[in-house]
Amino acid sequence: MGRDKAALLWFRKGLRLHDNPALLEALDGAVRLYPVFVLDPYFLKPERVGTNRLQFLLESLQDLDSSLRARGSQLLVLRGNPVDLLPVLFKEWSITQLCFEADTEPYAKQRDAQVRALAEAAVVQVHCPVSHTLYDTGELVQRNGGKPPLTYKAFEKLIASVGLPAPPAADPPASLPPVPSQAAGGRPTHVPSLKDLGYQDEPTTVFKGGETRALARMADQLADKNWVVQFEKPKGDPAAFLKPATTVLSPYLKFGCISPRLFFAQLHAIEAEKPKHTLPPVSLRGQLMWREFFYTVGAHTPNFDRMEGNPICRQIPWDDNEEFYNAWENARTGYPWIDAIMMQLRTQGWMHHLARHSVACFLTRGNLYVSWEKGRDTFDRLLIDGDWSINNGNWMWLSASAFFSQYFRVYSPITFGKKYDPEGHYIRHFLPVLKEFPAKYIYEPWTAPLSVQKAVDCIIGTNYPRPIVEHATIHKANIARMKQAYDSGAGSPSHPSPQRANEPASAPATSAGQKRRRSS
DNA sequence: TCCGGGTTGTAAGG
DNA sequence: CCTTACAACCCGGA
């Protein structure tokens, strides 16, 4: 006598009902369906996940619960380490199927491997479809000869050989099997508050999570088809903050509140309708492909989130300068354009891509010469769209550690913002202390005569810091340091320089002249 | 071995 | 709006 089919649908990312193949697998013949999200203490630390992103997640869970309830089900939000909790639930609920969306990040991969093994030991069938990315990154890499492509062009070529991504999966039925009462066994199952989770700060971001808002935002952004087909990322205004120059779908894509395949399908339809459209890499569709690119490289590169032991990352002897790092993180560099961006990060958890470039270049090769890993950590904590693959990839890009090597192209912390926003509206909004400065001085307030500083009630060095470094001189010195780092064996990621005979292969990792480590 | 391209540099000059 | 010099990177293709 066979058991009733009972499915545990484990949500992690993919916090949506549309284009959710794991949900459809779970529904296939199931008499009972248990939709579960597990709040893992690994993530629930303010030093790892900031208030704004956690709030975004909680809103997304709330919305998912509402949508499930509208279909006669509900979301069981449980707490604990999934590796410990899920096997208990398999037994308690007599689970026969475990369904969850594939995840390519290292923590998730090792966690999922453990859960899968435990499920199989409990004779639970595991279904793990790919729906967070457009393609199965493993298949892409296999097709590429076992290695991820390291340039966007090469990635485009690979994609072209595969064809269009799969269309979104069918919508789930209007009615889902109810969750049996007593299922929780006395455990709390509601979506907790920030305070419940030990977070004291109030969220400050204007962006709200959830599939409902994601779909509305996408519809809103795609409604102006001319805007869609004329989109060119580098032409956007990084200083636009009332109406951002991009879609701000990134936090929804991060949590899977929106399906990349749905977004792609809609973009594709609009492009088909209007043949005169921009192209990747700058087009809107190109942006989705950048995401796919970094997911593919990130999933198939060892130590992708570190310099050491990372075969695609140049080994650069960054300065260990806590003072500089803290000033940067706390918006106290004395450069208003940089500090305003860091304030937008701290308050909204989102900045325009080019604004991210400005501060990433400033922290690393441009000005402070601090490791990209430090900046990555800050972004990872404070961004509402903080996404492991994309964040690490872009930090390596901007620090000229991988993908990009024109280190002599340095963003100016003074003129880059000025060309978009000469009046400094963005700075005035995020750094109110500088609000009254004349436009002439807003990007360089230290150049204002003391009489002006007094008149606007902001003394530089007292009410707002002096610049911690002099851009004009230090960026040139840093270009020279980068050149030296490249010359002295940082190597080229895809063609590592050969080991010199007189240099031991096991040179200490801190040596300036070290060789890039090969992954062999 | 050379040449052209590389999502998104700057400053100066038209 | 455009081009060019700056000083110069890696990579892929011819």
Side-chain angles (χ1 to χ4, degrees), chain A residues 144-145 147-159 230-240 244-247 250 267 277-294 297 311-316 335 337-338 341 351-362 364-367 390 393-422 443-444 470-498 516:
Chain A
N144 197 52
K147 288 195 142 192
L150 294 178
T151 65
Y152 189 84
K153 273 267 177 297
F155 183 72
E156 266 188 319
K157 229 169 115 181
L158 176 60
I159 292 301
Q230 287 163 22
F231 183 92
E232 286 180 76
K233 182 66 154 287
K235 293 197 178 157
D237 176 2
T246 54
T247 63
S250 52
L267 284 176
H277 56 77
T278 53
L279 294 168
V282 295
S283 66
L284 217 41
R285 173 189 183 153
Q287 305 313 300
L288 207 44
M289 289 306 170
W290 278 104
R291 173 181 185 271
E292 200 74 8
F293 172 63
F294 284 127
V297 185
I312 69 165
C313 184
R314 292 188 182 84
Q315 305 295 305
I316 296 168
Y335 285 93
W337 171 246
I338 299 299
I341 295 166
M351 313 91 94
H352 186 275
H353 193 63
L354 292 179
R356 301 183 194 204
H357 277 216
S358 287
V359 296
C361 181
F362 188 90
T364 58
R365 64 189 168 84
N367 293 74
I390 302 170
N394 276 312
W395 272 99
M396 280 188 268
W397 185 296
L398 262 298
S399 63
S401 296
F403 307 114
F404 173 87
S405 47
Q406 290 158 286
Y407 53 76
F408 41 85
R409 291 189 183 174
V410 177
Y411 291 86
S412 164
I414 298 157
T415 59
F416 184 74
K418 204 184 270 184
K419 78 182 168 204
Y420 298 97
D421 180 16
Y443 284 86
E444 301 167 273
E470 190 191 33
H471 174 73
T473 51
I474 203 144
H475 93 273
K476 286 188 179 149
N478 287 347
I479 288 173
R481 292 183 75 179
M482 287 296 288
K483 178 171 173 49
Q484 197 190 10
Y486 270 54
D487 289 348
S488 69
S492 132
S494 47
H495 297 288
S497 51
R516 205 183 57 79

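Protein chains get the first letters and strands the later ones, always in sequence-line order, with residue 1 at the start of each.
Within the 4.0 angstrom heavy-atom criterion, no nucleotide atom of any strand lies near A:Lys476.
In this structure, the ring of A:Phe293 has its center less than 6.0 angstrom from the ring center of A:Phe403. If you look at A:Tyr443 and A:Tyr335, their ring centroids are not closer than 6.0 Å.
Rounded to an integer number of Å, the gap from A:Arg409 CZ to B:dT7 P is 10 Å. Per the geometry, CD belonging to A:Gln287 stands 12 Å off P belonging to B:dT8, to the nearest Å. The nearest whole Å value for the distance from the CG atom in A:Leu398 to the P atom in B:dG9 is 10 Å. Put simply, CE on A:Met289 is 18 Å from P on B:dG6, counting in whole angstrom units. Rounded to whole angstrom, the span from the CG atom of A:Asn394 across to the P atom of B:dT7 amounts to 12 Å. In this structure, CD1 of A:Ile316 is placed 13 Å from C1' of C:dC10, rounded to the nearest angstrom. We find that CZ of A:Arg314 is positioned 7 Å from P of C:dC10, with the value rounded to whole Å.
Side chains of A:Asn394 and A:Trp290 form no contact here, defined as non-hydrogen atoms less than 4.5 Å apart. Using a 4.5 Å heavy-atom threshold, the side chains of A:Glu292 and A:Phe155 count as touching. In this structure the side chain of A:Lys233 reaches within 4.5 angstrom of the side chain of A:Gln287, judged on heavy atoms. Contact annotation: the side chain of A:Ser399 never approaches that of A:Ile316 to less than 4.5 Å [non-hydrogen atoms, C-beta and beyond].
When each of A:Leu398, A:Val410, A:Ile338 is checked for a side-chain contact (heavy atoms from CB on, under 4.5 Å) with A:Phe362, only A:Ile338 meets the rule.
Secondary-structure annotation of DNA chain B gives the stems B:1-6 with C:9-14, B:9-14 with C:1-6, with a stem taken as at least 3 successive Watson-Crick or G-U pairs whose two distances both fall under 3.5 Å.
Sequence neighbours left out, the pairs with a member in residues 395-418 of chain A that pass salt bridge (charged side-chain N to carboxylate O under 4.0 Å, His left out) are A:Lys418-A:Glu444.
Across B:dC2 and C:dC6, the matching C1' atoms stand 22 Å from one another, rounded to whole Å.
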Do any N or O atoms of the protein come closer than 3.5 Å to N or O atoms of nucleotides 5-9 of chain C, and which pairs are they?
unit_1: C:dC9; atom_1: OP1; unit_2: A:Lys483; atom_2: NZ; d: 3.4
unit_1: C:dC9; atom_1: O2; unit_2: A:Ser405; atom_2: OG; d: 3.4

Every protein N/O lying under 3.5 Å from an N/O of nucleotides 10-14 of chain B:
unit_1: B:dT10; atom_1: OP1; unit_2: A:Ser412; atom_2: N; d: 2.8
unit_1: B:dT10; atom_1: OP2; unit_2: A:Lys419; atom_2: NZ; d: 3.0
unit_1: B:dA11; atom_1: OP2; unit_2: A:Thr415; atom_2: OG1; d: 2.8

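Remark: A:Pro281, A:Val282 in residues 278-285 of chain A come within less than 4.0 Å of DNA chain B through at least one heavy atom.
Not counting sequence neighbours, the partners of A:His277 by the side-chain contact (heavy atoms from CB on, under 4.5 Å) test are A:Val229, A:Glu271, A:Leu279.
For the residue pair A:Asp237 and A:His352, no side-chain donor N or O sits within less than 3.5 Å of a side-chain acceptor on the partner.
Checking the phosphate oxygens (OP1, OP2) of C:dG13, a side-chain nitrogen or oxygen of A:Lys157 falls inside 4.0 Å.
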